[in-house]
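Worksheet: one structure, shown below.
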Number of protein chains: 2
Amino acid sequence: MDKTFRNVSIVGIGQIPVQKKSPLSLREMGVQAMQLAMEDAGVDAVDAVFVGNMLGDELQNQKHLAALIASAAGLRGVEALQVQAATATGAAALRMAYFAVASGEARRAIALGVEQMSSAPPDVVTAAIAKALDAERETPQGWTMLKQNARLMQLYMERYQVPASAFNGFALTAHENAFSNPNALFVGKQVTPEMIDQSRVIHAPLRLYDAAPICDGAAAVLLTRTDEARAYTDQPVNILSSSVATDWFCVEDRPKPLELYAVRRSALEAFRKANVHRSDIDIFELHDAFSIMACLTLEAVGFAPAGHGWRMAAEGQLALHGSLPIATLGGLKGRGHPIGATALYQTSEIVLQLTGKAGANQVHHPRKAMLVSVGGAASTVLTHIFGVE
Amino acid sequence: MDKTFRNVSIVGIGQIPVQKKSPLSLREMGVQAMQLAMEDAGVDAVDAVFVGNMLGDELQNQKHLAALIASAAGLRGVEALQVQAATATGAAALRMAYFAVASGEARRAIALGVEQMSSAPPDVVTAAIAKALDAERETPQGWTMLKQNARLMQLYMERYQVPASAFNGFALTAHENAFSNPNALFVGKQVTPEMIDQSRVIHAPLRLYDAAPICDGAAAVLLTRTDEARAYTDQPVNILSSSVATDWFCVEDRPKPLELYAVRRSALEAFRKANVHRSDIDIFELHDAFSIMACLTLEAVGFAPAGHGWRMAAEGQLALHGSLPIATLGGLKGRGHPIGATALYQTSEIVLQLTGKAGANQVHHPRKAMLVSVGGAASTVLTHIFGVE
């Protein structure tokens, strides 16, 4: 692919604290995150707003959310569209904003992610999230995202002969990093291996700590052309590449279910477009909604050989000062996973890291970071690579 | 805005017949329309698929539809994302595909629209569509799209002292053109002024014929770079511009509810980007889901002075051989309005017209066509302008 299109940079970020139950409404959360990103970039107007939200149509009876939030923010006239990719929805909003700036259609575009999961009972939320699976072939048989991931975890444990506790390192790493992140759901919470081993089995072999919590949150990033980025900030973060890949939709249709084809394909495509090698990645924000997904993602991208992803967590390689820091501000487990907002929290955290503003969680001089966002059972996967000069 | 980005052309279209109830499933409809567009362009692979669908999450319990349809079509790996803009959802999918090609991220991108409204009772469908309105300020007070349009029609009738029958020309034009369109829901159906005047009042002053029917359908277009378009077809249709604008979300917040600000803004922006004047438009495909919306759109774009939009229909100016043909293959009323698919049917029809393939409905040598897509109560509006050399 030729690379004559405009390069794109992030010049503003906005995050509101992830909470079990936000006192704000869905639209209020979105407006706040968007306004924080605009303030951060020092602008009071943008050309376009792309909104990622997965569950609002059911949990808040609200479709048409992008125009609603743009209007609530006082941005009459602005382009506003909503995008979805199941649990990777936030990353889809980032890609749309990237498209808008790279194509020249927008000079300033906001990618906003917002989700309010507290307004319905957990079973209702679980059923809504299960719509990320096949409504003809999976959900009627009782499949949910939880059950799907438990199945993959079980397969992995049998295939590689490892115990469930082998995955504990992912939860420990996430919670250790969430401890000092003021925007994290579990800020200040200490988690021990014992707590994980003794935690409730929510779907064998999955324990409570193997899964990300249901919560509320909103985050946004403001994009502009790289050649104009320094008009907004001294520390623009460049989006070196953006890519999307899909897999056979149903896990049972995949020849090798433990090999995440869409993760591998989108990651390799992102490396190629950015002309970056795996070994150049200083920070890897992955989709640790379930420990098994984090493990399989490490293997699919090639950071670990098949069957060894869990070792990286167990051996501390994924810690803040390890060889490949992940979930540096808490990940989906520790910061929280307000679905449509998650990838925008991760992008905001990457910006903090690459600009040296991650405080107690600062990784030593990172130059390049990678974000892999997983939709459903890795049926849709988006990869973004970021960098600073 | 500079115009250095790649120009984009349509090189393939696919439509399945609009039906009251399709024998196909939602995914099957989508796959068929997509495959027809690929056959029309003579390709067996694409880089990206952008899917517009408004109601599937509720009526088919299916989110994550883009990856599902891509997988069902055998396109493992392809980029696939879903986009929404209420009743303008299909146009949002077109804009995303336009972004993908214009930015250089995709060489071939499909914009697919699909909707299956037959799988639930009309009241359930109506309630789902009402989620295009404000779930805090409008739907709790009983507002639906129908009621919202009836209110605007009543306002217009009082403001300009015209009877409900003044709008009959819109239904007559649409049905006259749908008569000979094999893909139209009402193909072969003759409609007379008497039938309209005697039709059921569904929400005063709105009669049955003032509103588009609930139905099933899917349509797709295949986009590529203009400089490569002739490798696929001798008759590429160029997308001269694409634009989106929003308005204050709630009608009651608008200073002048009969002036559709988002329509005017997106249309003027589209004219400017395409360097085209209103008088250059040979065909105008508008959002005639409700006669009043068609009337107000003609006025907002400037084709008719305020209070005179209905006259253009009444006086035959909007007929196939009038000064500004609209709904040339039946419009939303006659062809049908399977919401997420509508703008892709309209785009496909524009391609047929601009390439001289519209058969009995062929307009005499059209060179430029305009599509205005209305989301909700014109809270989100997309405008696309198309042309052939």
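Letters A, B, ... are given to chains in the order of the sequence lines, protein chains preceding strands, and every chain is numbered from 1. Bear in mind that the values here come from a model prediction, so they are computed numbers and not experimental data.
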Would B/R76 and A/D247 satisfy side chain to side chain contact (heavy atoms under 4.5 Å, CB included), going step by step from the backbone distance to the final call?
CA-CA 5 Å; B/R76 187 191 195 194; A/D247 197 351; 2.7 Å; yes

Does any backbone or side-chain atom of B/R265 lie under 4.5 Å from a heavy atom of chain A? Answer side chain, backbone, both or neither.
side chain

Is a side-chain donor-acceptor pair under 3.5 Å present for A/T380 with B/H64?
yes

Among B/A130, B/G375, B/A262, residue most engaged with chain A (heavy-atom pairs, under 4.5 Å)
B/G375

Contact winner vs chain B - A/V83, A/I129, A/N61, heavy-atom pairs under 4.5 Å:
A/N61

Can you tell which of B/G376, B/A85, B/A132 has the highest number of heavy-atom pairs within less than 4.5 Å of chain A?
B/A132

Would a 4.5 Å heavy-atom cut-off, applied to side chains only, mark B/Q84 and A/L65 as touching?
no

Pair count under 4.5 Å, heavy atoms only, with chain B: among A/S243, A/G74, A/A128, highest is A/G74

Would you mind checking which part of B/L75 comes under 4.5 Å of any heavy atom in chain A, side chain (CB onward), backbone (N, CA, C, O), both or neither?
backbone

Scanning both residues in full, the closest heavy-atom pair of A/E136 with B/S25 reads OE2-CB, 3.6 Å

Does the pair B/R95 and A/E79 meet the rule for a side chain to side chain contact (heavy atoms under 4.5 Å, CB included), with working shown?
CA-CA 11 Å; B/R95 180 155 174 82; A/E79 168 168 13; 2.6 Å; yes

Count the heavy atoms belonging to other residues, nucleotides or ligands that lie under 6.0 Å from CG of A/N275, then report whether that count exceeds 12.
no

Which pair of non-hydrogen atoms, one from A/Q62 and one from B/L133, has the smallest distance, and what is that distance?
NE2-O, 2.8 Å

Let me see the working for B/D57 and A/K63 under side chain to side chain contact (heavy atoms under 4.5 Å, CB included), right down to the final yes or no.
CA-CA 11 Å; B/D57 44 23; A/K63 293 180 182 290; 2.9 Å; yes

Hey, could you give me the CG/OG distance between B/L68 and A/S379, rounded to the nearest 0.5 Å?
8.5 Å

What distance separates B/E269 CD from A/D47 CG, expressed to the nearest 0.5 Å?
9.0 Å

Taking A/S71 for its side chain and B/F249 for its backbone only, find out whether a donor-acceptor pair lies under 3.5 Å.
yes

Locate the shortest heavy-atom distance separating A/S103 from B/F99; write the atom from each residue and the value.
OG-CD2, 3.6 Å

So which part of B/A80 gets closer than 4.5 Å to some heavy atom of chain A, the side chain, the backbone, both or neither?
both

For A/R27 and B/D134, run side chain to side chain contact (heavy atoms under 4.5 Å, CB included): C-alpha distance rounded to whole Å, both residues' side-chain angles, the deciding distance at 0.1 Å, then the answer.
CA-CA 11 Å; A/R27 72 190 62 183; B/D134 190 319; 2.8 Å; yes

Would you check if the side chain of B/T246 reaches a backbone N or O of A/A67 as a donor-acceptor pair within less than 3.5 Å?
no

